[in-house]
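Chain naming here is simple, since letters A, B, ... match the order of the sequence lines and numbering starts at 1 in each.
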2 protein chains.
Amino acid sequence: MSNKLSTQHKILDAAQSLFAETGYNGTSLRQITSQAEVNLASVNYHFGSKKELIQAVLQRYLLVLMPRLDQEFNRLLAAQQPNSLNQVLSVFVRPLLELNKVHPHGTRIFLQLLGRGYTDVQGHLRWFFNHHYGRVLDKLVLLVQQACPELPAGELFWRLHFSLGTVVFTMASSEALAEIAEADFNENVDIEGVILRLLPYLSAAIAAPIPLVSQLSQTAPLLASEGR
Amino acid sequence: MSNKLSTQHKILDAAQSLFAETGYNGTSLRQITSQAEVNLASVNYHFGSKKELIQAVLQRYLLVLMPRLDQEFNRLLAAQQPNSLNQVLSVFVRPLLELNKVHPHGTRIFLQLLGRGYTDVQGHLRWFFNHHYGRVLDKLVLLVQQACPELPAGELFWRLHFSLGTVVFTMASSEALAEIAEADFNENVDIEGVILRLLPYLSAAIAAPIPLVSQLSQTAPLLASEGR
DNA sequence: ACGTGTTTGAAATGTACGTTTGAATTAAAT
DNA sequence: ATTTAATTCAAACGTACATTTCAAACACGT
């Protein structure tokens, strides 16, 4: 049994935990290398820079997750009849939970890292993400469009981003939320439970009825000042 | 006409923009004071520390917003028949948009600051928020409970936090989203438009049907490994 | 066993940060 | 007008950061 881990592996393991807990900017290479019990310089030796280390930490999960998602999307797209929104969203559950094979608590850590990526490093990680995996996510948009044909494209854009926010924020603050939930309702609040709670929430949200324009304008003349 | 602004005011104005754009940790006092065209030391002179400056920036909006929300909550609580979820959520629109009186783009900036507060400074701002305004938010929980009496308390807890995530994430990345939306669908994407789009989304999400336990356990034996 | 290429180690570099200091300046009060 | 308090200013302090350097230790094919 070789419990001897490579330096790179030790760095990645320490980095992902610290990044998930305190963010990318909030974590120093000194914290990472001291928790990994390796020399400070080895990060720059093995990964080049902190920025590239962040990408490497994310890639360890993305390289497993995205092909799995792509495969699921293709399966749904090949179906004869259009899929329901619930079917489309459920497709995320298995691939996400299988990230626990990459690392214990891999699912939670990856989703936290994803959340950090959208708020911490301005734009940089968003670009990295869209550039590498934009094709896959286009298939998701198509599937949701097929599931909700009555939804205008503009509305769908916003609701998918609302949903991304829901997931990402929930995971980024999942530690705190789990503590509160456990104290106040003593329920099981592992990552799987949260994901399964999210599904009906998101499903109903994305398929919400579109308010009529007349109902919108009813609340329109709200303020005399300030139109962008 | 006295267009001479006090040093404190200039600092607050510069700080809120920078905090909203690049986060609390991501903004240095040197950036703030140089944009405000004041001396570096004046932040510590007028506010004591960076941490207290962050609180002061938030308080400028919270002291306007929270009493307004409290008043609206009390109005709804005094109603004879229980209010619909839509009525409860709509109550946020006016008070939030009135923050534009505190400062141009005040609504957007405040919501961005709120989002940053939940991800940037670990726990500290969350405590500050709950400690000062927990009483007010309890009324919101009560109102939602009255609007959705079939929803268990534990489920409601999670869904309200999901919703907070939706709002906060959307606002934190509203600049980028607005750019994309404008380019791809050329729609009006001011802050009021986003808020009005959020209402039906959140309303449907919070009131989503609760999945049966049998349906949950159907997807339960997903992985052999790893239960938290 | 040797020599080569890879990896680690301790130390130093330069930059940026929040905060403090004490003198200079301005405003207010008597 | 003179004293007193409040504010601004330039400079410095100590700390922490990412990155670089270069010698030492190691791995390993020959």
Kindly indicate, with the supporting measurements, whether the criterion salt bridge (charged side-chain N to carboxylate O under 4.0 Å, His left out) is fulfilled by Glu155(A) and Arg197(B). CA-CA 8 Å; Glu155(A) 201 66 37; Arg197(B) 266 175 218 275; 2.7 Å; yes

Would you mind listing every salt bridge (Lys or Arg N to Asp or Glu O under 4.0 Å) that reaches into residues 59-77 of chain A, with sequence neighbours excluded?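 Output for this query lists Asp13(A)-Arg60(A), Arg68(A)-Glu72(A), Arg68(A)-Glu98(A), Asp70(A)-Lys139(A), Glu72(A)-Arg75(A).
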
Between [X] (side chain only) and [Y] (backbone N and O only), is there a donor and an acceptor less than 3.5 Å apart?
| X | Y | value |
| --- | --- | --- |
| Gln31(B) | Ser28(B) | yes |
| Arg108(B) | Asn100(B) | no |
| Thr107(A) | Leu96(A) | yes |

Would you mind reading off the distance between [X] atom [atom1] and [N] atom [atom2], rounded to a whole angstrom?
| X | N | atom1 | atom2 | value |
| --- | --- | --- | --- | --- |
| Tyr45(A) | dT8(C) | OH | C1' | 9 Å |
| Leu5(B) | dT8(D) | CG | P | 13 Å |
| His46(B) | dT8(D) | NE2 | C1' | 8 Å |

Have Ser42(A) and Thr7(A) got a donor and an acceptor in their side chains that come within less than 3.5 Å?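 No, no side-chain donor-acceptor pair sits under 3.5 Å.
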
Tyr201(A) and Ser163(B): side-chain donor and acceptor closer than 3.5 Å?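 Indeed, the side chains of Tyr201(A) and Ser163(B) share at least one donor-acceptor pair under 3.5 Å.
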
DNA chain D contacts among residues 8-17 of chain A, heavy-atom distance under 4.0 Å: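 Residues of residues 8-17 of chain A that come under 4.0 Å of DNA chain D do not exist, since none gets that close.
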
Considering just the side-chain nitrogens and oxygens of Thr7(A), establish if one lies under 4.0 Å of OP1 or OP2 belonging to dT7(C).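 No, because none of the side-chain N or O atoms of Thr7(A) sits under 4.0 Å from OP1 or OP2 of dT7(C).
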
Letter by letter from the 5' end, nucleotides 15-22 of chain D scores (B base, S sugar-phosphate only, - none; protein heavy atoms under 4.0 Å) --BBBBB-

ring-ring contact (aromatic ring centres under 6.0 Å, His included) between Phe169(A) and Phe169(B), intermediate numbers included: CA-CA 7 Å; Phe169(A) 175 88; Phe169(B) 175 88; 8.8 Å; no

